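The structure appears below as structure tokens.
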Amino acid sequence: MWKEERFQKIRTLLQTYGRVTIKRAAEDLDTSRETIRRDFSEMEQLGELKKIRGGAIALDPEHEPPITLRNNEQRKEKKAIAKAVASRIKSGHTLFIDAGSTTSILAEELAKTTGITVITNSLFVAQRLSVEKCRLANSITTILLGGMLHDSLPATFGEKTIAEIFRHHADIALLSPVGLDAHYGATSFDPAEAEIARAMIDNSKLSYLLADSTKLGRTSRVGFCPTENIDVLFTDKKARKSMELLKIKDRIEDVVLA
């Protein structure tokens with residue numbers, strides 16, 4: 001069994017029971033206890049669980065607010081980030097875009113670009129690009145990934161969505177994490193969202209992360225990208241005051257302050 005498969009099964013056990021012993025995980029995953037110990041250690045470093053004697057327990061962070069509320073938080077900063085990202089997108093680019101408040105705002109800016117292809121699981125992004133295409137008569141191709149509808153997010157997710165992502169190859173993956181920490185990397189609150197982001201990165205030449213300054217130094221439940229694998233970080237100018245930004249700059253060569 002691949003490591004990521006084991007991680008996903010461990011996440012499911014923790015979501016179901018709140019805690020899991022090394023013995024139980026080893027039996028359920030049909031692997032050695034030493035392998036489970038290593039998996040628990042790595043997942044703890046990613047901020048996905050907390051190790052206890054003989055096992056691990058699920059973290060219990062605050063729930064992420066609905067996207068309708070998040071769309072209005074730090075909107076000025078997110079708008080500046082979106083404009084900075086859009087300035088780097090050229091005609092002919094194929095883009096993956098995940099579902100998030102910042103990427104929803106990004107869609108408004110990308111709608112002014114012509115000759116691009118956008119592949120997304122976000123209903124917000126697909127709808128915005130479709131509306132603006134009709135209004136501006138631009139040449140944007142928008143592909144909405146199929147799959148199950150998310151319970152709390154206007155987006156698709158699940159095995160079918162992941163499979164569709166692997167049918168495409170993009171120039172850039174544009175992703176909006178819940179948090180970005182120099183050590184733990186980019187993290188998401190929802191395992192399903194993290195799986196989408198991870199698949200998009202795996203099938204893109206470059207990965208751009210869009211994270212306003214309030215997200216720097218934050219860690220959520222599920223890691224999906226080590227800091228060193230991020231090609232460009234777009235954040236806002238308030239991040240200049242962040243000590244975390246200095247640590248991040250040691251690991252990401254290209255950091256844009258919008």
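Here the structure is a predicted model, which means the values were calculated and not measured.
- Of the candidates Arg75, Lys78, Gln74, Lys78 is the only one forming a side-chain hydrogen bond (donor to acceptor under 3.5 Å, both in side chains) with Ser101.
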Check against salt bridge (charged side-chain N to carboxylate O under 4.0 Å, His left out), Asp254 and Arg88: CA-CA 13 Å; Asp254 196 348; Arg88 293 209 180 186; 2.8 Å; yes
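- Residues Ala211 and Pro177 come closest through the heavy atom pair CB-CG, 4.2 Å.
- The nearest pair of heavy atoms linking Thr161 to Gly147 is OG1-CA, 3.4 Å.
- Nearest heavy atoms, Ser188 versus Glu193: OG-CB, 3.5 Å.
- Heavy-atom minimum distance, Phe40 versus Leu49: O-CD1, 3.4 Å.
- Ion pairing between Glu27 and Arg24 fails under the 4.0 Å rule for side-chain N and carboxylate O.
- Here the closest heavy-atom approach between residue Cys225 and residue Asn229 is recorded as SG-CB, 3.8 Å.
- Under a 3.5 Å cut-off, the side chain of Arg251 and the backbone N or O of Ala182 do form a donor-acceptor pair.
- Thr103 and Leu210 make their closest contact through CG2-CD2, 4.4 Å (heavy atoms, listed as atom of the first residue, atom of the second, distance).
- For the atom pair Thr120 OG1 and Leu110 CG, the distance stands at 10.5 Å (nearest 0.5 Å).
- Checked against ring-ring contact (aromatic ring centres under 6.0 Å, His included), Phe157 has the following partners two or more places apart in sequence or in another chain: His150.
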Contacts table for residues 165-173: side-chain donor-acceptor under 3.5 angstrom, sequence neighbours left out:
from, atom 1, to, atom 2, distance (Å)
Asp171, OD2, Thr94, N, 2.8

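- Applying the salt bridge (charged side-chain N to carboxylate O under 4.0 Å, His left out) criterion to Asp231, with sequence neighbours excluded, gives no partner residue.
- There is no side-chain donor-acceptor pair under 3.5 Å between Lys215 and Thr235.
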